[in-house]
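Here's the structure, in structure tokens; my notes come after.
Residue numbers start from 1 in every chain, and the chains themselves are labelled A, B, ... in the order their sequence lines are given, proteins ahead of strands. Because the structure is predicted, anything quoted here is derived from the model rather than measured.
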Amino acid sequence: MQLEESSRMVQTTSTLEARTIPDSTLGQIHADNPRMKARNVDVFYADKHAIDNISLDIGSGQVISFIGPSGCGKSTFLRCLNRMNDTIDSCRVSGEIMIDDQNIYDSSIDVVLLRARVGMVFQKPNPFPKSIFDNVAYGPRIHGLATSKVELDHIVETSLQRAGLWEEVRDRLDQPGTGLSGGQQQRLCIARAIAVSPEVILMDEPCSALDPIATAKIEELISELREQYTIVIVTHSMQQAARVSDRTAYFHLGKLIEVGDTKQVFTNPLHALTQDYITGRFG
Amino acid sequence: MSNQVSFGLSPERAAERVAESISLRKRRENRFLFLGKSAVAVALGFLVLLFAGILSKGIPGLFQHYVTLDVQLDAERLDPSGQGTLESLADGDFDGVVRDALYEALGGPTGRKAKRQARRLISSGSGQRLMHHVLDNPDQMRSKVALQFAVDDDVDTFLRGLISRDTPEADRRVSDQMISYIDLLQAKGRISYEISDYLFFGSASRDAEMAGIRGALVGSILTLLVCIVIAFPLGVATAVYLEEMAPKNRLTEIIEININNLAAVPSVVFGIMGLAVFIVIFGMPRSIPLVGGIVLALMTLPTIIISSRASIRAVPPSIRDAALGVGASKMQTITHHVLPLAMPGMLTGTIIGMAQALGETAPLLMIGMVAFIVDVPSGVTEPGTVLPVQIFMWADFAERMFIQKTSAAIIVLLAFLITMNAAAILLRKKLERRW
């Protein structure tokens with residue numbers, strides 16, 4: 001058996017070596033109705049080249065999923081889309097990311113406004129240590145979205161309803177958001193993100209800390225939200241990508257290997273690396 | 001595929017070895033536990049010794065002996081102009097009135113020598129005490145009232161049994177004549193042992209029986225107020241800037257190292273700096289709580305900055321991400337989320353710094369807060385002293401009664417410290433939040 005194991009390893013290595021990383025992305029990087037456009041994006045952490053020349057359109061009203069092995073740069077690229085990478089001192093970004101024909105890395109862009117338009121949900125549920133109401137109301141409050149208490153109440157209620165949490169928390173809005181279960185917390189974070197009416201929602205492995213039932217609820221929620229929002233989701237679960245997304249992008253070692261309709265990527269991948277990954281050969 | 005081939009140790013053999021190692025581990029654990037427990041026991045023992053020592057010496061210092069005299073409040077002698085104000089009373093012969101009451105209680109000593117011995121029984125501040133009583137109770141004028149006056153510190157020491165009757169008269173500060181008077185007063189039940197009002201309401205005095213901590217206590221409070229008003233905002237602002245905004249480069253690294261170094265600088269150095277900068281260059285007056293507070297603020301700043309930075313760093317980054325993710329600006333992220341979450345830790349650090357400042361003597365000696373000041377300071381720019389310096393001064397005086405007063409002042413200082421720490425714990429409990 002040991003012999004068998006090692007021979008398989010040798011074989012895998014040899015096939016990997018044989019697979020060359022393409023110079024340019026395979027598949028269709030353009031979308032019919034792009035909400036965001038990334039062109040020739042490079043990201044460096046100090047000397048490390050984390051993202052290598054990626055160009056990609058994020059289609060309006062679509063769900064696009066980023067898949068790939070750990071450390072392939074998919075989260076880094078996601079965090080470029082609302083400039084969350086700005087918080088990392090050593091991080092440098094070059095290239096263009098356009099939203100409405102405006103480069104978000106342009107000095108005239110207000111990063112606060114950008115993040116109001118491009119919301120984010122994180123890997124670990126991170127509600128504020130405040131009440132459920134205050135968690136959802138925080139965004140509208142700082143951006144001055146509500147002119148009255150009634151309006152604010154309405155925003156909080158509709159956001160929680162859209163996040164599918166309203167029925168569970170309507171009687172305890174004044175209780176701390178940190179007292180909810182993991183899945184509820186993550187839906188609270190989604191409600192918090194949609195309360196500022198963003199155009200795009202970035203989700204960084206939103207289900208990795210959740211059990212299957214909570215995961216199913218979030219996936220259901222994503223399907224409902226796609227009608228109103230453009231969603232970008234990073235996931236380690238191939239099934240999840242296949243279930244929720246319209247398009248899929250496969251990242252490998254900082255490069256975007258291929259992108260296309262989810263169905264096509266999963267049934268008929270253009271590149272051998274993509275095939276290896278989705279069939280569970282490595283990653 | 002069997003385990004024996006790959007490891008060479010059967011499960012039975014392995015279990016035996018594990019059993020052997022368990023007893024070794026248990027012995028180690030027990031030894032460690034014993035060491036820990038004995039360390040705690042030793043520490044507790046020293047603490048008990050310390051408190052027992054301070055309390056046994058200091059509690060008698062909270063009390064002193066008083067003699068009750070029937071004073072005839074003679075308006076003509078006490079208030080010649082009859083206005084009842086502080087100025088008109090200043091002309092009154094209060095010492096004489098008290099003296100007469102004393103002679104009366106002693107059955108009228110005759111002769112100058114006997115009278116002089118009698119006068120030595122009571123505190124030299126007795127006339128002053130009577131004047132304040134009259135000022136507060138003008139309606140008692142022209143009547144005869146029983147009032148308590150402090151006995152002289154030597155008499156007090158004698159009454160505590162610290163001066164023996166068997167000592168030759170020439171070697172003790174209380175004469176035979178005085179002893180017989182004391183016995184007489186005691187027989188009449190005129191001498192009482194009560195909580196010392198001079199200790200809590202009196203100010204600095206060379207007479208041990210009249211010495212009190214009021215001036216020093218007020219001075220300490222004023223100094224700490226100045227200290228916290230300067231050190232807390234400055235310390236928190238520095239910590240927030242260094243932790244959240246400053247670029248990580250050579251310069252901030254040097255600043256960080258220097259802050260850590262400052263925390264270890266002997267406090268007397270801050271005193272010398274205060275003297276050189278605030279008093280010599282800026283020309284501020286000596287001995288004032290304002291300068292004392294500034295010097296102590298500089299001394300506590302590193303403590304506050306270091307603890308504030310630690311508590312800011314302890315705020316989970318996910319909270320920052322969450323705030324930035326919904327579009328909060330950097331400032332909003334800090335003021336709405338980071339500061340409230342870091343506040344309990346910051347306050348703890350601040351109160352530890354304040355407690356350190358409260359007990360500080362050396363830097364205040366440098367800026368002249370060791371001066372002998374009788375008046376209670378009514379503002380931060382009036383000369384004053386602080387509790388630890390008062391204790392330091394009293395410990396230096398020769399009179400035996402100052403030993404008790406010193407210990408009593410130490411008790412007050414400790415009570416102050418414990419109150420501050422309790423406040424810190426309560427505040428932290430109240431502000432602490434889970435996440």
- Task: Step through the shown structure and confirm whether more than 12 heavy atoms of other residues, nucleotides or ligands are within 6.0 Å of NZ on B:K37.
- Result: no
- Taking all non-hydrogen atoms of both residues, which atom of A:Y138 and which atom of B:Q332 are closest, and how far apart? OH-O, 3.9 Å
- Message: Let's test your reading of the structure: which of A:M120, A:M84, A:R83 forms the most heavy-atom pairs below 4.5 Å with chain B?
- Response: A:M84
- Message: Ignoring hydrogens, what is the shortest heavy-atom contact between A:V112 and B:G327? Give both atom names and the distance.
- Response: CG1-O, 3.0 Å
- Task: Heavy atoms only: give me the nearest A:K130-B:H337 pair and the separation to one decimal.
- Result: CE-CE1, 3.6 Å
- Message: Would you compute the distance between atom CG of B:D321 and atom CZ of A:R79 and round it to the nearest 0.5 angstrom?
- Response: 5.0 Å
- Between the side chain of A:H143 and the main-chain N/O of B:V326, is any donor-acceptor distance below 3.5 Å? yes
- Can you tell which part of A:R141 gets under 4.5 Å to a heavy atom of chain B, answering side chain, backbone, both or neither? neither
- Note on the structure: Correct closest heavy-atom pair for B:L324 and A:R115 would be O-CD, 3.0 Å
- Enter the distance from B:K330:NZ to A:D86:CG here, rounded to the nearest 0.5 Å. 9.0 Å
- Message: Please give me the minimum heavy-atom distance between B:A322 and A:F128, naming the atom from each residue.
- Response: CB-CE2, 3.6 Å
- Are there more than 12 heavy atoms of other residues, nucleotides or ligands under 6.0 Å from atom NE2 of A:H154? no
- Task: Taking the side chain as every heavy atom from C-beta outward, state whether A:D89 and B:P247 have any pair of such atoms under 4.5 Å apart.
- Result: no
- Is the shortest heavy-atom distance from the side chain of A:I142 to the side chain of B:S329 under 4.5 Å? no
- Item | Euclidean distance, B:R320 CZ relative to A:N126 CG, rounded to 0.5 Å | 12.5 Å
